[in-house]
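The structure appears right after this line, and notes come after that.
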Amino acid sequence: AAIQLGFPLLLRPSYVLGGRGMAIAYGKDRLHKYLNAAFESAPGQAVLVDKFLEDAFEVDVDAIGDGADCIIAGVMQHIEEAGVHSGDSSSVLPTYMIGEQHLAEIIAVTRLLARELRVIGMMNIQYAIAQGKLYVLEVNPRASRTVPYVAKSTGVPLVKIATQLMLGKTLKELGMTKDLSVPRYFVKTPVFPFIKFPGVDPKLSPEMRSTGEVMGSGEDFGTAFYKALLAAGLMLPGSGSILVSVNDFDKKGLLPIARQFAGLGFRLIATTGTATFLQDMGLEVESVLKTSEGRPNCVDLIKNAKIDLIINTPLGETSFKDGWAIRTAAIQHNIPCITTLSGASAAVEAVKAIRRGDMSVLSIQEVHRRT
């Protein structure tokens, strides 16, 4: 299967929830290690081997059907790229980086699936967009964890409506004839328990690790994202020093993000390889050692309160110890640590919102009363 599909691969044990035991294999060694461990712990069980989509946007769609008609409750774009479990990914409603063509295709495919599956009640579909092509990842003819988020964002009691449909009502009878919309941006962000478990690596993966969710709303994406992070216990800095250390595949994508942070007046500090790349691209960056290269190093800077924000993107098992040291130190010293480039890009928008200083506080009831 690995030869047929090609690396990287997404590996998943059978019959698991929350992505338990899921992993991404970038080569044969990782694949063999995973399979040996999987079959030792569960002899006779199957392992799903699938192609992993790199550089893909993931989209969650909640819909309601009565067996014949279907309305779209919400199309949510994940802020983290595909490869992070949907329960661990922040998401935004409405979408902010998906073109009209893909949005129309997503809505059309959702209606088609709802009709063909004769869904009565709630339905959740997860899509991915990779290299301009739309993929259906999974279709769940049930309510998803996103339902409370979408219900609050739209102001529509989705569970009540879905229950009435399951008891025999139709969408038309309930006056539900148009897709739902939202009056502003709403961002859902997971809450993690890492602070309670010293030494645990906070990097995100296909295995779900969050223990709750919060939501922020605003007139623009940056404001909503900042509020959601604040509710989750992460206070982004409006200025200061950023430690950057990314894998080789992410260096090109890091460049526009680093430029924006530099333009906002942040001091850039990077580990050797990342610093060299950014310096070659014309940015002013201070170089610092990794923990494996000696002292003083990047972790010393974190411990000495010299860092205000960290961007660290791990890849497979490369530089595992160095990345682990940075991320665990960030947790211990309560420094925001972002482990995906898409998350870092969203953080730029949040910092811009902080700089504008136009934060307002509205209850959900007030938001929907205004519309």
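Every heavy atom of this structure was used, including side-chain atoms; hydrogens, water molecules and symmetry mates were not.
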Just checking, any donor-acceptor pair under 3.5 angstrom between side chains of Lys303 and Gln332?
-> no
For the residue pair Asp250 and Thr313, confirm or rule out a side-chain donor-acceptor distance under 3.5 Å.
-> yes
Close side-chain approach of Tyr127 and Leu137, heavy atoms under 4.5 Å = no
Polar side-chain atom of His368 near backbone of Lys152 as donor-acceptor pair, under 3.5 Å = yes
Counting only heavy atoms not in Arg355, do more than 12 fall under 6.0 Å of its CZ?
-> yes
Asn124 and Arg142: side-chain donor and acceptor closer than 3.5 Å?
-> no
Between Asp300 and Arg295, is the closest basic N to carboxylate O distance under 4.0 Å?
-> yes
Under 3.5 Å, side chain of Tyr149 to main-chain N/O of Val214, donor-acceptor pair present?
-> no
Pairs involving residues 209-230, ordered by first then second residue, that meet ring-ring contact (aromatic ring centres under 6.0 Å, His included) (sequence neighbours left out) = Tyr96-Phe221, Phe221-Phe225
Report yes or no: do Asn312 and Thr339 form a side-chain donor-acceptor pair below 3.5 Å?
-> no
Would you mind telling me which of Arg356, Lys352, Lys227 makes a salt bridge (charged side-chain N to carboxylate O under 4.0 Å, His left out) with Asp220?
-> Arg356
Is the shortest distance from a Lys or Arg side-chain nitrogen in Asp179 or Arg111 to a carboxylate oxygen in the other one below 4.0 Å?
-> yes
Using side-chain contact (heavy atoms from CB on, under 4.5 Å) as the criterion, list what pairs up with Ser292, not counting sequence neighbours.
-> Lys290, Asp322
Using the test side-chain contact (heavy atoms from CB on, under 4.5 Å), find all partners of Leu112 that sit at least two apart in sequence or belong to another chain.
-> Arg115, Glu116
